[in-house]
2 protein chains.
Amino acid sequence: MTRQPPAPEPLEARLVQAEALCARRGARLTKLRRDVLGLILASPEPVGAYALLDRMREQGASLQPPTVYRALDFLMAQGLVHRLERLNAFVGCHDDAPHDHAAQFFLCTACGKAEEVDDPAIAEAVAATAARRGFAPLRATVEVEGLCAGCALSGSDRGGSSTSPDGPGPHRPHSH
Amino acid sequence: MTRQPPAPEPLEARLVQAEALCARRGARLTKLRRDVLGLILASPEPVGAYALLDRMREQGASLQPPTVYRALDFLMAQGLVHRLERLNAFVGCHDDAPHDHAAQFFLCTACGKAEEVDDPAIAEAVAATAARRGFAPLRATVEVEGLCAGCALSGSDRGGSSTSPDGPGPHRPHSH
DNA sequence: GTCATGCCGCTACGTTATAACATGGCCCAA
DNA sequence: TTGGGCCATGTTATAACGTAGCGGCATGAC
Ligand SMILES: [Zn+2]
Ligand SMILES: [Zn+2]
Ligand SMILES: [Zn+2]
Ligand SMILES: [Zn+2]
C-alpha cells in the first residue's frame with residue numbers, strides 16, 4: 001500500500017491526446033511542456049508553479065521559475081490547463097478537446113480538490129448581465145469555495161463513514 | 001484644472017456610515033482602518049495592498065505590510081471592501097449597508113475600473129449548479145474581464161468622442 | 001550555408017503575502 | 001493599585017508568487 005493508482009493509465013492517454021491536439025494546431029508540445037502537463041494531470045489537487053518547479057527538480061530537471069511559467073503560459077494558451085486565481089494554482093482541463101472555453105470551478109476547502117464544470121446557465125447569466133451593462137466580456141473567472149459532496153457529508157454527518165473515510169481537516173484552508 | 005472632484009463629498013459620508021455600521025456590530029473602526037478604507041474609497045480604481053502602503057506613508061504614517069493586510073482583513077470581514085483576485089487589489093463595497101454578500105465584478109482592461117454588481121440571477125445559477133453537485137458553497141468569486149461600456153464604444157466606434165474622450169490604451173492590460 | 005524563429009537556460013529582480021514575536025493601550029477584577 | 005486578559009498595532013524577517021531581459025542552441029526554410 002505504498003501507492004494507490006487513482007488514474008495512472010489515462011494519464012499517458014491524455015498526454016498523447018494533448019500531443020495530437022497541439023500537432024493539429026501547429027503548436028509544439030515539447031518534452032518540457034509535456035512533463036509539466038504530466039505533473040499537473042497527475043496531481044489530484046491544483047498545483048502551484050513552485051510546487052511544479054520542485055517536482056520537476058526532483059525528477060532530475062534543473063530549471064528556474066521562468067521556465068515553468070513559460071510552459072504554463074503555453075499550456076493555458078492551448079486550453080490544456082486552467083489557472084485558479086484564488087489558489088494561485090493550476091489544474092488540467094477536464095474537457096475532452098480542450099480549447100479556450102468558459103469554465104467554472106468548485107474548490108473544496110476541506111480536501112483541496114477542484115472540480116471543473118462547464119455550465120452554460122452560469123455563463124449565460126454572466127453574459128446577460130454584461131450585455132445589460134454594455135460590457136464586452138473577454139473571459140470570466142468563476143470560482144466557488146465550499147465543501148465538496150464527500151466532505152460536506154463526512155463533516156455534518158459525523159460518524160458515518162459513508163463515502164470518504166477521513167473527514168475534512170488535513171487540508172490547510174488557505175486563509176486569504 | 002489641477003484636480004477635478006469626482007466624488008469628494010460622499011467619501012466622508014461613507015466613512016461616517018461605515019463607522020456607524022461597525023459600532024452597531026461592536027466592531028472597532030480604528031483610525032488606521034478608517035484611513036485605509038478612506039484611501040480605498042477615494043481611489044477610482046482597485047488599489048493594491050502595497051499601493052495603499054505607499055499612500056499611507058505619503059500621508060506621514062510609518063507602517064509595514066502586515067499592518068495594511070490586517071486592516072484589509074478587518075474591512076473585508078465587515079464587508080466594507082472586496083478583494084479582486086485577478087488583480088490582487090481591493091475595492092470599496094458599493095452596497096449601502098455592506099455585509100458579507102455575493103457580488104460580481106466587471107473589470108475593464110482598458111480603463112482599469114471595476115464595477116460591482118449584485119445580480120441574483122448569477123448567484124442563483126451558481127447556487128443551482130452547486131446544489132446539483134452536492135457542493136456546499138461558502139463564497140463565490142465572479143470576476144469578468146473585458147471592456148466597459150465607455151471603452152467598448154470608444155474602441156470600436158473610432159472618431160466618436162461620445163462619452164469618454166480618450167480611448168482604451170493608457171491602462172496596462174495586466175497580462176496574467 | 002545562413003538566416004529567422006521559437007524554445008529554453010539563467011541571472012536578477014519585482015511584487016504580493018504571512019509567520020512570529022514584541023509592544024502598548026484598555027477594561028475589569030482582585 | 002496592580003495584575004492579567006484582550007485587542008490592535010509595531011517590527012523583523014521571510015515565504016510565496018511572478019517577470020524582465022539576455023544569450024545560446026536547435027530546427028526548419030531559403
Ligand atoms: Zn477546461
Ligand atoms: Zn472535499
Ligand atoms: Zn459589495
Ligand atoms: Zn473601461
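Quick note: numbers below take in every heavy atom, side chains included, and nothing from hydrogens, waters or symmetry partners. Every chain is numbered from 1, with letters handed out A, B, ... down the list of sequences. Computed from a predicted structure; not experimentally measured.
Look at B/Arg83 and you'll find a side-chain N or O under 4.0 angstrom from OP1 or OP2 of C/dA17. Contact annotation: A/Gln64 does not reach the phosphate of C/dG9 (side-chain N/O to OP1 or OP2, under 4.0 Å). For C/dC8, the OP1/OP2 oxygens have no side-chain nitrogen or oxygen of A/Thr67 closer than 4.0 Å.
Regarding B/Leu53, its CG atom lies at a distance of 15 Å from the P atom of C/dT18, rounded to whole Å. To the nearest angstrom, P of D/dA8 lies 16 Å from CG of B/Asp35. Here the P atom of nucleotide C/dC7 and the NZ atom of A/Lys31 are 17 Å apart, to the nearest Å. Between B/Asp54 atom CG and C/dT15 atom P there is a gap of 10 Å when expressed in whole angstrom units. For B/Arg34 and D/dA8, the CZ to C1' distance is 18 Å, given to the nearest whole Å. Spacing between atom CG of B/Leu63 and atom P of C/dG24 amounts to 17 Å, rounded to whole angstrom units. Residue A/Glu85 contributes atom CD, which lies 15 Å from atom C1' of D/dA16 at whole-angstrom precision. Protein atom CG of A/Asn88 is 10 Å distant from nucleotide atom C1' of C/dA17, rounded to whole Å.
Contact check on B/Glu12 versus B/Arg34 returns a salt bridge, with a Lys/Arg side-chain nitrogen under 4.0 Å from an Asp/Glu carboxylate oxygen.
When each of B/Ala51 and A/Pro65 is assigned the nucleotide of DNA chain C with its nearest heavy atom, A/Pro65 is the one assigned upstream, toward the 5' end.
For the pair B/Leu80/B/Ile40, no side-chain contact is recorded, criterion being any heavy-atom separation below 4.5 Å from C-beta on. In this structure, the side chains of A/Leu75 and A/Leu29 come closer than 4.5 Å at one or more pairs of heavy atoms. Inter-residue side-chain proximity for A/Val36 and A/Val81 is flagged as unmet; no heavy-atom pair is nearer than 4.5 Å.
For B/His94 and B/His82, the side-chain atoms include no donor-acceptor pair closer than 3.5 Å.
The side chain of B/Pro66 lies closest to D/dT11 when the candidates are D/dT11, C/dG9, C/dC10. Checking D/dG18, C/dA17, D/dT12 against the side-chain heavy atoms of B/Tyr50 singles out C/dA17 as nearest. Side chain of A/Arg33, nearest nucleotide from D/dC17, C/dA17, C/dC7: C/dC7.
The residue A/Thr30 sits close only to the backbone: its heavy atoms come under 4.0 Å of sugar-phosphate atoms, none of a base.
Ring-base stacking between B/Tyr69 and C/dT18 is not satisfied when judged by a centre separation under 5.5 Å and a plane angle under 30°.
Scanning atom types as modelled, no donor and acceptor separated by under 3.5 angstrom connect the side chain of A/Arg70 and the base of D/dG18.
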